[in-house]
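First up is the structure itself, then whatever we jot down about it.
Predicted model only: the values in this text are computed from it and were never measured. When a residue number appears, it is its place in the shown sequence, counting from 1.
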Amino acid sequence: MASGPNTPAPTRFFSQRERRDLFLRIFPSIMIPMYLAIGDQTLLATALPAIVGSLGEAERISWIMAAYLVANTIAAPIYGYIGDVFGRKPLMFIALGLYVGAGVFCYFAPNVWFLIIGRLIQGLGGGGLMALSQALVGEVVPVRERGNFQGYLASIGVVATTVGPILGGYVTQHFGWRYVFLINIPVAILAIGLTFRLKTKPGNKEADWHFDFLGLILFILFVLPVMFALEQAQRISMERLPPILGLFALSAFFFIVLVRHENKVHAPLLPLALFRQRAIWQSSLMVLCQGAMLTSLVTFIPLYMRVVRGADAANTGWLILPLTIGLSIGSILTGRVMSRTGLTMIIPSFTLFPAVLLLIFFSLTTSELSPTMMAWVLGCTAILLGSVMNVAQVTVQSTAGPQKLGAAASSTQFARSVGAAFGTALFSTVLFGILSVQNPDDAQMFNQILDHGPDALNALAPLARERLNAEIALAFQSGFLVSACFVIISMICAWTHPHRKL
């Protein structure tokens, strides 16, 4: 059984009328924040090449996406932690306010560093939107029915991921990349208005509760050195090796201190007690690996298409579309199967193996595939991968029990954010590292292509241009193989997971 000791087993399914009434009562106030949280990343992905071309500093392109994801990583446990104590409605107002303010800030960003700061602030808001929405579902929906309702949330993912790449590419091409940060603001304002409809539910505040400020500081000190180390590793050289190792060592030190501190305090920021349960840490690891794989692909496929294939932003958005739609379709289908059969980890145990094969095929044949064939492979892979997040979320929530819904929801969002941040940084490290090892001049020329577009290759002789293009394509293929390795880890977790059925 996947249900925790505090979770009563459901005795019946909801009727169609009960599902409809619950949907109309609570889901409009949850779906729009979910749309913002999911759509923001795919919306920006197709604008990244234009941002780099305008602001430069191509080697820090991963930070434009990773800054948002790092802030998500930091914010998710805070929202879950405080939401369990004080209730979730006030936090939804705070998260939406940060999201709107940071969007305006990003619009006016004069350089990459200001844009990174804006994305950090926006991530502090966006980090709560997903975690709070998932926890609100857990408050009102029985465990056996959550698969269906997670499928409803996945339908919002279809809309967000469908609109995001196309709209981002269109706005970037016709109005400029800065307007990408403004188009979601009216939607966020609507979400603020709908949040007033949510019922205010009391939390579980204890008399001696105190916010774990030291835990938050230690957590930030653990995350940031690793990200800086991966950013530095983009340029491999013997001179950079000592500081990179030093940053990893510093992060490991703060991780040990963080764990020791969280084990001692009465109300820890991080739900370490939950992560000690095998069902939860394996589910979270699956989500982490999926986040690493998907975000790195969504971030770097547009770069691949621009640099190697010479595609513009709008056409790149159409290529990302099957990947994002397929993921949402897979999640909806998985939710229906879970609610009908009660099966959980059995589903990804079967779907992840063919997903691994498809990703390896994509990695090894990227240069030979037509855009149409690439879209088919990515779409089929995404449908198979859509089983992971839905199954993991239901498993973690049912194992944690009703008193820890916020911590459970934030733990999966936390894992996804960690995976996405590390996945994009690692892909970037592999990409720039392989180019630097092959020829340091190749990495420099790659930066020029990102800054000025594929036309920068015209200055090279035909043979040199063909050689450089082949080496850049090989570096991208290596990065795609790293993404396939993440799915292999997720597959092993599904095969060995202790909870197979609700």
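- Remark: L124 CG to I94 CD1 distance equals 11.5 Å, nearest 0.5 Å.
- By the side chain to side chain donor-acceptor pair (under 3.5 Å) test, T351 pairs with S387, sequence neighbours left out.
- When all heavy atoms of T395 and V391 are compared, the closest pair comes out as OG1-O, 2.8 Å.
- In this structure, CG in L384 is found 12.0 Å from CD1 in I329, a value given to the nearest 0.5 Å.
- Residues V396 and V287 have side chains not in contact (no heavy-atom distance under 4.5 Å, counting atoms from C-beta outward).
- Listed by chain and number, the residues in a side-chain contact (heavy atoms from CB on, under 4.5 Å) with S490 are M286, C289, L352, V388 (sequence neighbours excluded).
- Within the 4.5 Å cutoff, no side-chain heavy atoms of T334 are placed close to those of M389.
- Partners of F105 according to the ring pair (Phe, Tyr, Trp, His ring centres under 6.0 Å) rule, which considers only residues two or more places apart in sequence or in another chain, do not exist here.
- F427 is not listed as a side-chain neighbour of V482, based on a closest heavy-atom distance of 4.5 Å or more.
- Taking CG from L378 and CD1 from I383, the interatomic distance works out to 11.5 Å, rounded to the nearest 0.5 Å.
- Under the rule for a side-chain contact (heavy atoms from CB on, under 4.5 Å), the partners of T366 that lie at least two apart in sequence or sit in another chain are Y304, F362, M374, Q477, F480.
- Of all non-hydrogen atoms in S251 and P225, the two that sit nearest each other are CB-CB, 3.9 Å.
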In residues 178-186, what donor-acceptor pairs under 3.5 Å come from side-chain atoms, sequence neighbours left out?
from : atom 1 : to   : atom 2 : distance (Å)
R178 : NH1    : Y107 : O      : 2.8
R178 : NH1    : A109 : O      : 2.6
R178 : NH2    : A109 : O      : 2.9

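- The shortest non-hydrogen separation linking A355 to L385 is CB-CD2, 4.0 Å.
- The minimum heavy-atom distance between P322 and A375, with the atom names listed, is CB-O, 3.3 Å.
- Partners of S296 by side chain to side chain donor-acceptor pair (under 3.5 Å), not counting sequence neighbours, listed by chain and number: S483.
- Taking the side-chain contact (heavy atoms from CB on, under 4.5 Å) definition, one finds that I121 meets it with L98, A102, I117, sequence neighbours left out.
- Inter-residue side-chain proximity for S283 and M345 is flagged as met; some heavy-atom pair is nearer than 4.5 Å.
- Rounding to the nearest 0.5 Å places CD of Q122 at 9.0 Å from CG of L36.
- The shortest distance between side-chain heavy atoms of L358 and C380 falls below 4.5 Å.
- Taking CH2 from W177 and SG from C106, the interatomic distance works out to 8.0 Å, rounded to the nearest 0.5 Å.
- The ring pair (Phe, Tyr, Trp, His ring centres under 6.0 Å) test applied to F93 returns F196, not counting sequence neighbours.
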Verdict with supporting geometry, I332 and N390, side chain to side chain contact (heavy atoms under 4.5 Å, CB included): CA-CA 8 Å; I332 292 173; N390 204 341; over 6 Å; no

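- How far CG of L359 is from OG1 of T381: 5.0 Å, rounded to the nearest 0.5 Å.
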- prompt: Hey, mind stepping through F300 and L431 against side chain to side chain contact (heavy atoms under 4.5 Å, CB included) and telling me if it holds?
  reply: CA-CA 10 Å; F300 287 97; L431 179 62; 4.2 Å; yes

